Structure formats: structure tokens, C-alpha cells
Amino acid sequence: MNMMDTTLPDGRLYLGGTWREGQGAEITSVFPADGTVNRVLRGASTADGEEAIALAKAAQPAWGALKPFERARVLYRIADGIEANTGRISRIQSRDTGKTLTETAALAASAAGTFRYFAAVAETMDDDLTARRGTAMTLSVHEPLGVVAAITPWNSPIASDAQKVAPALATGNAVILKPASWSPLTALELARIVDEAGLPKGLFSVLPGSGRKIGNLLVEHPDIAKVSFTGGTSTGRTLARKAAEKLMPVSLELGGKSPTIVFADADMDMAIAGILFGIFSSSGQSCIAGSRLFVERSIYDGFVERLVAATRALKVGHPFEAGTQVAPLIHMDHRAEVADHVARALDEGADLLCGGAAPEGADYSAGSYYLPTILAGVDNTARICREEVFGPVLVVMPFDDEADVIALSNDNDYGLACGIWTRDFPRAWRIGSAIKAGTVWHNTYKQFSISTPFGGDGDSGIGREKGRQGLRAYMTQKSFYTDLSGAPHPWAGAALEAS
């Protein structure tokens with residue numbers, strides 16, 4: 001497949017309802033499996049961003065004035081369009097990110113479900129008639145914010161895009177979407193589907209481009225009313241500081257260093273399968289990856305031996321090959337970062353149980369592959385236990401009792417997710433309640449529902465996506481008071497008597 005491949009978006013930007021060449025720096029999308037070029041495109045310039053914002057600002061009032069069920073009709077059509085194009089989206093996203101076709105097909109289906117869910121919630125969610133405390137009828141209503149910016153990561157573009165774009169549009173906002181430069185094509189394909197669904201012009205733009213230029217423009221621009229960002233913690237902190245200057249609301253879904261806990265009474269086969277999926281699916285490029293594994297000391301040696309054997313049996317391969325479980329990392333530069341994390345851990349005394357290198361052979365030589373890796377021999381203070389690797393790297397440590405594992409799990413700046421493997425539900429509830437995490441999985445891992453809020457605490461972010469509350473995150477709340485007594489205000493009465 002080459003640069004003329006017609007199954008890929010042609011590289012033009014979607015700016016307020018029209019397709020045009022970007023005016024910014026070149027962006028090269030590379031297929032991680034073999035390093036071939038998918039597409040070279042011109043990214044968005046600051047002028048492109050300014051124009052997109054102006055178009056969005058002009059188009060939003062009419063969209064926001066529609067009744068929720070009227071907006072929902074368009075979102076249902078978008079959902080249908082994604083569903084009808086699942087195969088095409090899957091292939092584009094696999095070319096864009098290196099993910100397996102199985103995973104990208106599931107992500108496309110998830111995106112369709114997200115648009116459908118938020119359409120349904122928007123047209124059925126009620127405002128509130130609040131309890132009266134005087135002579136006035138009191139109501140609490142919700143209104144769109146205006147123009148919002150969505151900044152999404154490279155690891156799961158179609159799903160991340162939908163989780164921001166769908167609720168923002170459903171609630172009457174206009175949206176500027178800035179996808180990551182390493183994976184620009186999937187968002188442009190989403191733009192095609194949105195356009196064909198009949199969304200009014202101006203309401204949606206897709207602007208791949210420099211985070212320093214386009215990202216900063218979106219955060220700092222006075223006409224952007226909210227930014228929803230998924231990405232690294234360092235960038236999230238910078239964004240939050242800039243937003244604070246504007247007193248602008250933000251949603252930040254950031255990094256993680258999530259603990260997974262295995263008690264001696266766990267179903268060992270189920271736990272091993274869940275742990276492998278939790279850390280090595282998506283090649284570990286997931287904010288919720290279960291990258292710190294704590295195993296009860298009484299079963300530690302035997303469990304780790306089985307886990308290492310199962311890890312070595314995973315199929316590392318081309319994303320288009322049936323049965324591939326671990327595909328290439330997104331980019332050679334990212335593979336180098338992952339390898340540096342492992343090298344530092346080994347220098348600091350970690351034991352390499354498996355992996356720790358690129359796979360050998362002609363099938364892997366041109367791609368950014370990295371073997372599933374397990375490290376041991378360090379404690380929770382090691383850098384490899386503190387820093388997010390964002391790759392297929394697992395650190396295994398023993399623990400003694402509930403208090404010990406709670407302390408170890410919480411001894412981290414992140415607070416995104418946690419996995420607990422035990423047959424004892426009261427124990428799982430105690431542990432899950434005590435651990436700092438936005439999501440807790442018991443006897444499963446990396447399961448999601450669009451109806452259930454998702455987000456983190458600490459360095460893992462601010463706010464929640466998904467669920468009915470995720471819809472309200474794109475709205476502002478207003479209170480109405482309507483006097484029902486018909487009587488003049490006492491001040492007015494006194495003034496009338498005086499006159």
C-alpha cells in the first residue's frame with residue numbers, strides 16, 4: 001500500500017464543512033508494521049485554526065437553539081455511517097496506528113455506540129424543577145457552552161474522538177477536533193462520515209497539526225469555551241495552567257500507572273488471561289494498562305512462572321494477520337522511549353524475566369515491534385514503578401496482606417484504574433474502596449461501558465467522560481425563578497405608598 005492508496009483519506013483538512021489543503025507544516029503518517037508512508041499531508045496553520053473557530057462561532061447559535069431530539073437525529077445518522085463503514089475505518093486506523101484489525105474494528109463499533117448513546121441521552125435527559133422555598137417556581141436548566149475544543153491522543157483515535165465529539169454536538173456545541181500528528185487519518189475519515197450525515201456547515205472541523213501551535217491556539221483563544229484533552233500528564237498540566245488564566249473549564253484524561261492485585265484465592269487461569277490483556281493488548285499503549293502487578297507472596301513464585309510462560313506464548317505479529325495479539329508500537333521514536341525505560345530499569349537492578357528487546361526476524365525488521373516484557377526484582381520506589389512507560393512492560397512485585405497492597409497501590413502519583421483478582425467479593429470491595437482510582441475492575445480488566453463514567457484522580461486527570469454526567473460536562477447550568485404569587489415585592493409596595 002502506498003501514498004496513492006485510495007482507501008486512505010486524501011490528506012485534506014476538514015475546515016468548518018469544507019475540504020482544503022492545510023497551510024501548516026507537513027505531517028507524515030507512517031504504517032508502524034513496516035515503516036511505509038501512508039500519507040503526507042499539510043497540517044493546520046494558526047490561520048486555519050482561526051478560521052475554523054470563527055466558522056464554529058457563527059454556526060453554533062442555530063445548532064444550540066434546536067431541540068435536543070432534532071440534534072439527536074444527526075447523531076443517529078453519524079452512528080449509522082460509522083457502523084456502515086466499520087471495515088474501512090478499521091483498516092485506516094490500523095494503517096494509522098499499527099493496531100490489529102480486530103481491535104480497530106471494535107473501536108469503530110464503540111464509536112458508533114457512543115454517538116448513538118449520547119443522541120439518546122440528549123433527547124431524553126430532563127432539566128430540573130427544584131424544590132420551592134418561597135413564592136417562586138424554580139428551575140435548573142442546562143445550555144451549550146458554545147465552541148469547544150477536543151484534543152485527542154494517537155493510541156485509540158476513533159473511540160477517543162467519539163467520546164468528546166458526540167456529547168459536545170449532542171448538547172448544542174460546535175467542535176474543533178485536533179487529532180494527534182502520529183495518527184491524523186482516522187479523524188479525517190470521521191469528518192467524512194459526519195459531513196455525509198448532514199451536520200450543518202461550520203459546526204465541526206478536524207485540524208491535525210502542531211500541539212505547540214494549534215493546541216495552544218485552541219486553549220488560549222477567547223472564543224473557545226472548553227477544552228477536553230486526553231494525553232500525557234505534563235501536557236495536561238500546561239493546558240490546565242493556560243485554561244486557568246481564562247477561567248475556562250477543562251476535562252483532562254491523563255496518564256496512569258495502574259496496579260493489578262492477585263490474591264491467593266483467585267482463579268489463576270482467569271487472572272493470567274486478564275493480566276495479559278490488561279498490559280499487553282494495544283501493545284501496552286493504553287492509559288489504563290495494568291502495569292504494576294502485585295501478587296500475594298504465598299503464590300508469587302508459581303504464579304510468576306506461569307505468567308512468564310503465557311507471555312512468551314503471545315503472538316507478536318503484523319496487525320493484519322489473524323491471531324496477532326501484540327502488534328507494533330505507534331512509531332520508531334516511541335519504541336526507543338519504551339526501550340530506554342527498560343534499559344534504565346535494568347541498570348537500576350531489575351531482573352528481566354522475558355522480552356526486553358525487539359523481536360528478531362525479517363518479518364519484524366522494518367516495523368516498530370517490541371516484545372512483551374516482564375520485569376521483577378525491584379520495589380515500588382523504582383522509577384519503572386513510578387513513570388508511565390506506555391508500552392508492553394509489566395513490573396511484578398510480591399505483597400503480604402491487604403494493608404500492604406493498599407499502601408503499595410496508593411504510593412503513586414497516578415490514580416486512573418485498578419484490577420483485583422479474588423473470589424472474595426467483600427475483600428474486593430474493601431480493596432477497591434481504599435485504592436485511589438477512577439475505575440476498579442474485579443475479576444476482569446479493561447472492560448468499558450459508554451454509560452459508565454470514566455476518568456482519574458491525581459496525575460491521572462480532572463473530570464469524567466462517558467455516562468449521563470459526561471453529557472453535562474459540555475453544558476453550563478442556569479437557574480430560573482418565576483414568581484407565582486402575583487404580589488408586588490415589598491419594596492415596590494413601600495415605594496408606591498410613598499408616591
Side-chain angles (χ1 to χ4, degrees), residues 12-24 43-68 70-75 77-78 115 118-119 122 142-152 160-179 184 187-211 213-230 239 242-243 246-251 471 473-476:
R12 289 178 298 163
L13 308 187
Y14 186 71
L15 205 159
T18 62
W19 295 95
R20 65 176 71 176
E21 294 290 330
Q23 302 177 65
S45 67
T46 300
D48 292 326
E50 292 277 6
E51 183 176 353
I53 293 169
L55 290 169
K57 184 179 180 182
Q60 186 276 325
W63 176 249
L66 293 177
K67 295 179 177 63
E70 294 172 317
R71 294 194 295 267
R73 288 173 180 162
V74 179
L75 269 71
R77 291 199 295 270
I78 296 171
F115 273 94
F118 281 116
H142 295 81
E143 299 176 343
L145 290 165
V147 182
V148 303
I151 302 176
T152 55
S160 296
D161 298 345
Q163 286 168 23
K164 299 179 189 301
V165 174
L169 289 177
T171 49
N173 300 285
V175 186
I176 313 293
L177 171 62
K178 196 203 93 61
L188 293 173
E189 177 64 10
L190 174 63
R192 181 186 69 81
I193 292 168
V194 169
D195 188 67
E196 292 178 356
L199 185 74
K201 302 296 184 184
L203 290 172
F204 184 53
S205 293
V206 176
L207 303 180
S210 162
K213 290 184 179 179
I214 303 304
N216 284 345
L217 170 68
L218 294 175
V219 175
E220 297 170 359
H221 199 285
D223 290 332
I224 297 293
K226 176 188 172 76
V227 172
S228 180
F229 170 81
T230 298
L239 187 155
K242 292 177 179 293
K246 291 172 57 179
L247 297 179
M248 176 183 69
V250 293
S251 296
L471 198 73
Y474 291 92
M475 305 187 83
T476 185

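None of these values were measured; they are calculated from a predicted model.
- A donor-acceptor pair under 3.5 Å is formed between the side chain of Lys246 and the backbone N or O of His221.
- A pairwise comparison of heavy atoms in Ala44 and Ile214 identifies O-CD1, 3.5 Å as the closest pair.
- Listed for the Trp63 side chain is no donor-acceptor partner under 3.5 Å among the backbone atoms of Leu199.
- Arg71 places a side-chain N or O within 3.5 Å of a backbone atom of Gly64 that can act as its donor or acceptor partner.
- A distance-only check finds no donor-acceptor pair linking the side chain of Asn173 to the backbone of Pro144 [under 3.5 Å].
- In the displayed structure, Lys57 atom NZ is contacted under 6.0 Å by at most 12 heavy atoms of other residues, nucleotides or ligands.
- Rounded to the nearest 0.5 Å, atoms CG (Leu218) and CG (Leu207) are 7.0 Å apart.
- Among all heavy-atom pairs drawn from Val206 and Ala191, the shortest one is CG2-CB, 3.7 Å.
- Residues forming a side-chain hydrogen bond (donor to acceptor under 3.5 Å, both in side chains) with Ser228 (at least two apart in sequence, or on another chain): Lys164, Glu465, Tyr474.
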### Task
Check step by step if side-chain contact (heavy atoms from CB on, under 4.5 Å) holds for Phe204 and Val165.
CA-CA 9 Å; Phe204 184 53; Val165 174; 3.9 Å; yes
### Task
Carefully, step by step, assess Glu220 and Lys242 under the rule salt bridge (Lys or Arg N to Asp or Glu O under 4.0 Å).
CA-CA 7 Å; Glu220 297 170 359; Lys242 292 177 179 293; 2.8 Å; yes
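- Rounding to the nearest 0.5 angstrom, the gap separating the NZ atom in Lys213 from the CG atom in Leu217 is 11.5 Å.
- Looking at Arg77, its side chain does come within 3.5 Å of a backbone N or O of Ala197 through a donor-acceptor pair.
- Summarising the geometry, atom CZ belonging to Phe118 is positioned 10.0 Å from atom CG belonging to Leu75; distances are rounded to the nearest 0.5 Å.
- Asp48 contributes a side-chain N or O that, together with a main-chain N or O of Gln23, makes up a donor-acceptor pair within less than 3.5 Å.
- In this structure, the side chain of Ser205 engages the main chain of Gly16 through a donor-acceptor pair within 3.5 Å.
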### Task
Decide side-chain contact (heavy atoms from CB on, under 4.5 Å) for Ile176 and Val147; before the verdict, give the C-alpha distance in whole Å, the side-chain angles of both, and the deciding distance to 0.1 Å.
CA-CA 8 Å; Ile176 313 293; Val147 182; 4.1 Å; yes
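- Here the side chains of Val194 and Ile78 are in contact, with some heavy-atom distance below 4.5 Å.
- To the nearest 0.5 Å, atom OG1 of residue Thr476 and atom NZ of residue Lys226 are 11.0 Å apart.
- The minimum heavy-atom distance between Val74 and Gly198, with the atom names listed, is CG1-C, 4.4 Å.
- Looking at every heavy atom in both residues, Pro249 comes nearest to Ala225 through CD-O, 3.4 Å.
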### Task
Test side-chain contact (heavy atoms from CB on, under 4.5 Å) on Leu190 and Asp161 and set out the steps.
CA-CA 9 Å; Leu190 174 63; Asp161 298 345; 3.8 Å; yes
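- Contact between Ala72 and Ala119 at its shortest, heavy atoms only, is CB-O, 3.5 Å.
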### Message
Could you walk me through whether Thr171 and Leu471 satisfy the side-chain contact (heavy atoms from CB on, under 4.5 Å) test, starting with their C-alpha distance in whole Å, then the side-chain angles of each, then the deciding distance to 0.1 Å, before giving a yes or no?
### Response
CA-CA 7 Å; Thr171 49; Leu471 198 73; 3.4 Å; yes
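- In plain terms, the two heavy atoms of Ala187 and Leu177 that are nearest each other are CB-CD2, 3.9 Å.
- Judged by distance alone, with hydrogens and angles left aside, the side-chain atoms of Lys178 form no donor-acceptor pair with the main-chain N or O of Gly215 at under 3.5 Å.
- Rounding to the nearest 0.5 angstrom, the gap separating the CG atom in Leu239 from the CE atom in Met248 is 6.0 Å.
- Atom OG1 of Thr18 is separated from atom CG of Leu13 by 9.5 Å, given to the nearest 0.5 angstrom.
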